[in-house]
Amino acid sequence: MPESKKTFYVTTPIYYPSGDLHIGHTYTTVAADTLTRFKKQEGYDAYMLTGTDEHGQKIQKIAEKEGVTPKAYVDKTVAKIKDLWKLMNINYSQFIRTTDPEHVKSVQKIFKRFYEQGDIYKGTYEGWYCTPCESFWTETQLVDGKCPDCGRPVEKAHEEAYFFKMSKYADRLLKYIEDHPGFIQPESRKNEMINNFIKPGLQDLCVSRTSFDWGIPVDFDPGHVVYVWIDALTNYITALGYLNDKPQLMDKYWPADLHLVGKDIIRFHTIYWPIMLMALDLPLPKTVYGHGWVLLKGGKMSKSVGNVVDPVELVKKYGVDPLRYHVLKEMKYGSDGVYNEDLLVANINSDLANDLGNLLSRTIAMTVKYFGGVIPEEQAAGEYDQDLKDTAKKAVETYASYMDKLDFSRALQAIWQLIGRANKYIDETEPWILGKDESQKARLAAVLYNLTETLRIVSVLIAPAMPETAEKMQKVLNVPDSVETWESIQTFGHYPVGTQVKKCAPLYPRIDVKQYEKEQAEKKKAQKAKSKQKKQKAEEKVPGIITIDDFAKVKMRVAKVLSCEKHPNADKLLVFQLDFGDEKRQIVSGIAKWYKPEELVGKKIIACTNLKPIQLRGVDSNGMILSAEKDGKLRVLTVDGDMPEGSEVG
């Protein structure tokens with residue numbers, strides 16, 4: 001019987017299909033695909049899981065707005081996600097959806113088991129809820145009254161729910177993390193989880209909802225649906241057939257070797273998920289790596305904010321492999337990366353066209369020119385040969401080491417150091433001079449063989465990150481399948497002598513920077529004109545008669561003034577803290593000319609509550625206090641009689 005292969009199980013997060021995915025999601029999935037391909041090269045039975053997290057209130061609201069069922073909405077969005085991964089050459093082993101019948105079956109069984117063994121209990125949730133993040137927060141966890149993760153407004157929530165006893169497993173989890181230093185990567189994330197969440201005390205986790213119905217039903221308690229964490233996180237084992245009828249792969253692949261996630265969701269994967277696994281008596285994943293964010297000038301990319309970079313458009317302009325290379329190179333280990341299209345163009349011109357492309361073109365062209373495309377067997381060693389061979393050996397070792405450390409950027413850097421050494425080798429050996437001297441033919445043959453062999457090694461090294469490029473190189477070099485392997489590049493000299501190569505087009509033509517800059521300038525000009533036109537159209541709208549529907553759009557409520565202070569940076573502004581009964585808000589108002597700060601404290605005023613939040617001279621303002629003004633006099637509108645805070649005005 002042949003010896004069974006070592007296994008390697010890597011997962012991406014399951015993405016939320018509330019809209020098109022952006023370049024941040026692309027980085028995560030390309031990184032997982034690259035690692036999986038590398039492990040397969042090394043001889044592992046590597047298995048990659050990705051998919052979609054399809055339930056929740058946010059999806060239900062979007063579907064209602066579009067006039068379709070939630071399932072119809074997610075089916076359409078998931079199809080686009082699968083198309084994106086096909087475009088990006090992602091070779092996943094399985095794509096799981098949380099609407100899959102097998103997953104639903106497993107989640108219901110898991111939820112019931114937690115309940116029966118006393119890990120979850122029924123209660124009532126009352127607190128703050130962020131719909132975009134699908135997260136509950138206490139008053140103390142909010143930052144300036146907003147979601148601490150995304151910074152957006154939260155809503156008051158009150159509903160019956162089931163809760164998971166997180167604190168029951170806190171000590172056990174802490175000990176596990178401390179005893180397994182490689183469990184959370186990088187180290188900074190581990191310290192954050194311990195000091196910010198575990199040691200201060202874990203709060204019980206809300207694991208069901210009753211305020212909406214788009215989710216997996218709790219089969220023993222109608223009206224409840226399983227909330228996101230038990231539904232979403234368990235996909236990593238339900239995909240392997242845990243408690244369902246899918247092919248049983250748990251014994252083969254679990255525990256996972258790597259959960260690859262963004263740093264914004266590492267808390268769920270290193271606290272909630274391990275505790276659930278402990279409750280199921282299952283081993284924990286070996287490593288959870290929380291990579292940084294892909295940032296824009298304005299901050300983190302976000303679908304809900306709308307400041308996203310579309311990978312499909314970039315592929316249309318620059319190709320798949322250049323984009324794969326760029327995102328892997330620019331995301332340094334554990335750090336945030338900054339997306340910049342100018343840098344993408346620079347990487348294509350410098351690394352792909354100049355360094356790699358020229359090395360291949362020059363080597364092939366000289367081989368065709370001097371030897372008709374076939375390097376002779378008679379070769380003469382010379383100066384610089386051994387240094388090139390040593391560099392190749394070191395590049396293979398360094399690359400593998402960084403890949404195992406999940407440092408994809410430095411792994412690519414190791415390859416490009418070899419490419420740089422090969423280009424320098426051409427300058428040192430001067431094959432164009434050797435080609436003029438018949439007595440130097442054997443030396444010229446050795447030089448071109450060493451360059452061709454280096455390119456073969458490079459093609460194998462870049463195959464996980466840039467599979468299409470590797471295939472093109474191997475086709476041009478006519479590399480036999482037997483020496484396209486990881487094993488074959490452990491030593492120098494496996495390229496078969498006598499192999500025929502043919503002249504080829506440039507691997508990556510240079511992008512005309514002047515033309516690119518001209519196009520970018522025209523693009524900015526068009527965007528500016530469009531923005532100006534939109535603004536002009538808005539200004540052209542003349543106020544007129546409104547309907548009751550228009551009036552209903554303005555939400556006004558009674559609020560009690562808790563405190564009022566002068567604005568630290570503006571004499572005309574006052575900063576109010578207001579109580580609306582079910583929430584507290586800060587509103588900045590330009591009425592300092594007519595009121596002293598203490599004059600309105602304790603009074604009940606009327607405020608508009610659905611204005612877009614803004615900053616006034618550096619201070620957040622979430623609404624507007626209503627007032628009346630005539631002949632230079634202004635008075636705030638107050639409420640007559642004992643009207644409760646939060647009462648609607650209409």
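Among residues at least two apart or in separate chains, salt bridge (charged side-chain N to carboxylate O under 4.0 Å, His left out) pairs with a member in residues 78-87 are Asp20-Lys80.
Going from atom CG of Asn354 over to atom CD1 of Ile348 covers 12.0 Å, rounded to the nearest 0.5 Å. The distance from the CZ atom of Phe268 to the CG atom of Leu233 is 8.5 Å, given to the nearest 0.5 Å. Once rounded to the nearest 0.5 Å, the distance linking NZ of Lys58 with OH of Tyr16 reads 7.0 Å. Here the CG atom belonging to Leu360 is positioned 13.0 Å from the CG atom belonging to Asp355, to the nearest 0.5 angstrom. Atom CG of Leu323 sits about 10.5 Å away from atom CE of Met466, to the nearest 0.5 Å. Note that OG1 of Thr454 and CG of Asn423 are 10.5 Å apart. Values are rounded to the nearest 0.5 Å.
In this structure, the side chain of Asn349 engages the main chain of Ile511 through a donor-acceptor pair within 3.5 Å. When atom types are taken as modelled, the side chain of Trp293 and the backbone of Gly262 share no donor-acceptor pair closer than 3.5 angstrom. Remark: the backbone N or O of Leu477 is paired with a side-chain donor or acceptor of Tyr495 at under 3.5 angstrom. Between the side chain of Asn347 and the backbone N or O of Leu344 there is no donor-acceptor pair closer than 3.5 Å. For the pair Asn340 (side chain) and Leu343 (backbone), a donor-acceptor distance under 3.5 Å is present. Asn478 places no side-chain N or O within 3.5 Å of a backbone atom of Val501 that could act as its donor or acceptor partner. Using a distance-only test at 3.5 Å, with no hydrogens or angles considered, a donor-acceptor pair links the side chain of Gln248 to the main chain of Asn244. Gln500 places a side-chain N or O within 3.5 Å of a backbone atom of Gly372 that can act as its donor or acceptor partner. When atom types are taken as modelled, the side chain of Gln94 and the backbone of Leu49 share no donor-acceptor pair closer than 3.5 angstrom. A donor-acceptor pair under 3.5 Å is formed between the side chain of Tyr399 and the backbone N or O of Leu461.
Remark: Gln417 engages Gln413 in a side-chain contact (heavy atoms from CB on, under 4.5 Å) (not counting sequence neighbours). Under the side-chain contact (heavy atoms from CB on, under 4.5 Å) criterion, Asp427 pairs with Arg362, Trp432, sequence neighbours left out. For Tyr402, the side-chain hydrogen bond (donor to acceptor under 3.5 Å, both in side chains) test picks out no residue, with sequence neighbours left out. With sequence neighbours excluded, the residues satisfying side-chain contact (heavy atoms from CB on, under 4.5 Å) with Ala381 are Asp385. Scanning for side-chain contact (heavy atoms from CB on, under 4.5 Å) contacts around Lys369 gives an empty result, with sequence neighbours left out.
The one candidate from Asp33, Thr469, Asn89 that meets the side chain to side chain donor-acceptor pair (under 3.5 Å) condition with Arg324 is Asp33. Evaluated for a side chain to side chain donor-acceptor pair (under 3.5 Å) with Tyr15, the options Thr50, Thr29, Thr52 yield exactly one hit, Thr29. Remark: of the listed residues Val74, Thr234, Thr238, Asp53, Asp53 is the sole one forming a side chain to side chain contact (heavy atoms under 4.5 Å, CB included) with Thr98. Checking Tyr508, Tyr27, Trp416 one by one against Tyr325, the ring-ring contact (aromatic ring centres under 6.0 Å, His included) holds for a single residue, Trp416.
Heavy atoms only, all atoms of each residue included: Gly435 and Lys441 are closest at O-NZ, 4.0 Å. Here the shortest heavy-atom pairing between Pro311 and Ile23 reads CD-N, 3.9 Å. Here the shortest heavy-atom pairing between Leu434 and Thr429 reads CD1-O, 3.6 Å. A pairwise comparison of heavy atoms in Glu453 and Thr491 identifies OE2-O, 4.1 Å as the closest pair. Looking at every heavy atom in both residues, His25 comes nearest to Trp85 through O-CH2, 3.7 Å. When all heavy atoms are compared, the tightest approach of Lys39 to Asp404 is NZ-OD1, 2.8 Å.
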- [ ] Would you please test Ser488 and Arg456 for side-chain contact (heavy atoms from CB on, under 4.5 Å) and show each step?
- [x] CA-CA 10 Å; Ser488 74; Arg456 180 190 73 85; 2.9 Å; yes
- [ ] Could you give me the CA-CA distance, side-chain angles and deciding distance for Val294 and Val327, then say whether side-chain contact (heavy atoms from CB on, under 4.5 Å) is met?
- [x] CA-CA 9 Å; Val294 178; Val327 295; over 6 Å; no
TODO: Would you sort out whether Lys317 and Glu341 count as a salt bridge (Lys or Arg N to Asp or Glu O under 4.0 Å), showing the intermediate values?
DONE: CA-CA 11 Å; Lys317 288 173 72 174; Glu341 193 170 345; 2.6 Å; yes
Task: From CA spacing to verdict: salt bridge (Lys or Arg N to Asp or Glu O under 4.0 Å), Arg97, Asp75 - done: CA-CA 10 Å; Arg97 301 177 59 179; Asp75 283 349; 2.6 Å; yes
- [ ] Go through Phe408 and Phe38 one step at a time and tell me if the side-chain contact (heavy atoms from CB on, under 4.5 Å) criterion holds.
- [x] CA-CA 11 Å; Phe408 306 107; Phe38 168 65; over 6 Å; no
TODO: Starting from the C-alpha separation in whole Å, work towards a yes-or-no answer on side-chain contact (heavy atoms from CB on, under 4.5 Å) for Ile90 and Phe95.
DONE: CA-CA 11 Å; Ile90 304 297; Phe95 189 104; over 6 Å; no
TODO: Decide salt bridge (Lys or Arg N to Asp or Glu O under 4.0 Å) for Lys252 and Asp45; before the verdict, give the C-alpha distance in whole Å, the side-chain angles of both, and the deciding distance to 0.1 Å.
DONE: CA-CA 10 Å; Lys252 188 175 185 181; Asp45 175 1; 3.0 Å; yes
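One finds no salt bridge joining Arg189 and Glu192 here, because no Lys/Arg side-chain nitrogen approaches an Asp/Glu carboxylate oxygen to under 4.0 Å. A salt bridge links Glu397 to Lys393: at least one charged side-chain nitrogen sits closer than 4.0 Å to a carboxylate oxygen. In summary, Asp351 and Lys329 engage in a salt bridge, as defined by a charged side-chain N under 4.0 Å from a carboxylate O. In summary, Arg421 and Asp390 do not engage in a salt bridge, as defined by a charged side-chain N under 4.0 Å from a carboxylate O.
The six-membered or imidazole ring of Tyr449 lies away from that of Phe492, with a centre-to-centre distance of 6.0 Å or more.
In Asp437, the CG atom is crowded: over 12 heavy atoms of neighbouring residues, nucleotides or ligands sit closer than 6.0 Å. The 12-atom threshold is exceeded at CD of Glu313, counting heavy atoms of other residues, nucleotides or ligands nearer than 6.0 Å. Under a cut-off of 6.0 angstrom, the local environment of CD in Glu471 is sparse, with at most 12 non-hydrogen atoms contributed by other residues, nucleotides or ligands. The 12-atom threshold is not exceeded at CD of Glu487, counting heavy atoms of other residues, nucleotides or ligands nearer than 6.0 Å. In the displayed structure, Lys475 atom NZ is contacted under 6.0 Å by at most 12 heavy atoms of other residues, nucleotides or ligands.
A donor and an acceptor atom, one from each side chain of Gln474 and Ser459, are located under 3.5 Å apart.
The aromatic rings of Trp254 and Tyr9 lie perpendicular to each other, with more than 60° between the two planes, well past the 30° mark.
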